Amino acid sequence: MPGFELFNDEERKEVNDVLSTGVLMRYGFDGMRNGYWKAKELEQALQTKLNVNHAQLTTSGTTALNLALAVLGVGAGDEVIMPTFTFVASFESILQAGATPILVDIDDTLTLDPVAVEKAITPKTKVVMPVHMCGAMANLDALKAICEKHNIFLLEDACQAIGGSYKGKALGTIGDAGCFSFDYVKTITCGEGGVMLTNKKELAVFADQYSDHGHDHIGMDRGAETHPIMGYNYRISELHAAVGLAQLRKLDQILEIQKKNKRILKDALASIPEITFRRIPDPEGDSATFLSFFMPTAELSVKVVEAFKEFGIDAYWNYFNNNWHYIRKWDHLKDLKSLYPVSDHIKNGMQDLNTTSFEQSDGFISRNISCLIKLSWTEQEVQERAQKMVTAIKSVL
Ligand SMILES: *Cc1c(COP(=O)(O)O)cnc(C)c1O
């Protein structure tokens, strides 16, 4: 991660196909487009690659989540369970749906703790939304069992984990629906873009319609199409989809590089007995975009961050002190800083968020350090980096 490190003539060729006809829209203009249907082609390529029945491209990972929640029928009065450690898009999409985000603790997988999820379920719960953070998966067997028991949906936010798998199945294809992001810093990128995946035909039909103003997409005359449902516009452009096509072809190569680089760093750090690594429910399925480990105490992880800085090591995070990914600094959410009125249901459901403590999550996130695995490092650079990291960590112990 990120895929832009491997941009070359393949992306340029795909984009030039689109520019050669000037048809930038994914629907219609059949006679003008010289056979180029980049969005459709990318959807089919994703279906084949990830072994899933339906892929619906969108303008972003966030709108893919919006779309998934819409087709799952999430709206006013519903609750969606999400983790305390994720990107802000998780609660944004839930609030956009008019539903209430219910934040619950993570465990040493850095993803939803199934025990905390089960405790948070109420008659209003409609969806459990695990987030496969930093390239690796949540405990999907446990979460799926909870969802089945309570008859609620499982929606995988796999935005950071394309190419990862769980027990042989691609992440994002295991729940009722799953989403990926193709924003500029993700494992593969379209510039901006996202996709919603599902194996359920009825959800796929609604996703196709909802993402394009409710169009039924039947027949050859867009203007004459009917609107079975009210929808929205989450259409990806042909230019973005074109970039994604070239990037998807590089996914295997990207994963291979990530795994190789991560292995070198992890082996080196494993020589330090004070370090523990993030638990990965299916290590085989790790997409290896990050190496995440825990120091014994929060104080020590702060010191490691300082030492990394001193030693000139880049691209790592202690998310406890990060504004984007952890509840501790989400004051705008806790204070409901909405531009427009928010329903009483959401207000009531979230009134305690400012005073709720998430000690279990704090315990893991404050001790965690997550290091991005880059694609452009040479083997020598990775080896040197590994040694520097070991020296830096040992200097604070
Ligand atoms: C990137 C990301 C998103 C949102 O994707 P965008 O394409 O940037 O809208 C959602 N969830 C997670 C976990 C992400 O990392």
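Remember, it's 1-based here, ligands and their atoms both numbered in the order they're listed. Residue numbers count from 1 along this sequence. Note that the structure is a prediction, hence the values are computed from the model and not measured.
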Enquirer: As an exercise, identify every atom of ligand 1 less than 4.0 angstrom from a heavy atom of S60.
Expert: 7 (O), 9 (O)
Enquirer: Show the atoms of ligand 1 that are less than 4.0 angstrom away from any heavy atom in V131.
Expert: 13 (C)
Enquirer: Less than 6.0 angstrom separating the ring centers of Y184 and F4, yes or no?
Expert: yes
Enquirer: Is it true that K126 and E79 make a salt bridge, defined as a side-chain N closer than 4.0 Å to a carboxylate O?
Expert: no
Enquirer: Report yes or no: is the cationic atom of R33 (NZ for Lys, CZ for Arg) under 6.0 Å from the centre of the six-membered ring of W37, at an angle within 45° of the ring normal?
Expert: yes
Enquirer: Less than 3.5 Å between some nitrogen or oxygen of E192 and one of ligand 1, yes or no?
Expert: no
Enquirer: Please list the nearest protein heavy atom to atom 1 (C) of ligand 1 with its residue and the distance rounded to 0.1 Å.
Expert: K186 NZ, 1.7 Å
Enquirer: Is the backbone N or O of G3 less than 3.5 Å from a side-chain atom of Q247, with the two atoms forming a donor-acceptor pair by type?
Expert: yes
Enquirer: Within the 3.5 Å criterion, strictly below it, is a donor on Q360 or D107 matched to an acceptor on the partner's side chain?
Expert: no
Enquirer: Regarding ligand 1, does G61 bring an N or O atom to under 3.5 Å of one of the ligand's N or O atoms?
Expert: yes
Enquirer: In ligand 1, which numbered atoms sit nearer than 4.0 Å to a non-hydrogen atom of C159?
Expert: 2 (C), 3 (C), 10 (C), 11 (N), 12 (C), 14 (C)
Enquirer: Give yes or no for whether the N/O distance cutoff of 3.5 Å, strictly under, is met between T86 and ligand 1.
Expert: no
Enquirer: Under 4.0 Å from any heavy atom of D183, which atoms of ligand 1 are there?
Expert: 1 (C), 6 (P), 7 (O), 8 (O)
Enquirer: Can you tell me which residue and heavy atom of the protein come closest to atom 9 (O) of ligand 1, and the distance to 0.1 Å?
Expert: T62 OG1, 2.5 Å
Enquirer: Does the ring center of H215 lie less than 6.0 Å from the ring center of H227?
Expert: yes
Enquirer: For atom 11 (N) of ligand 1, what's the nearest protein heavy-atom neighbour? Residue, atom name and distance, please.
Expert: D157 OD2, 2.8 Å
Enquirer: Under 3.5 Å, is there a donor-acceptor pair linking the side chains of T100 and H345?
Expert: yes
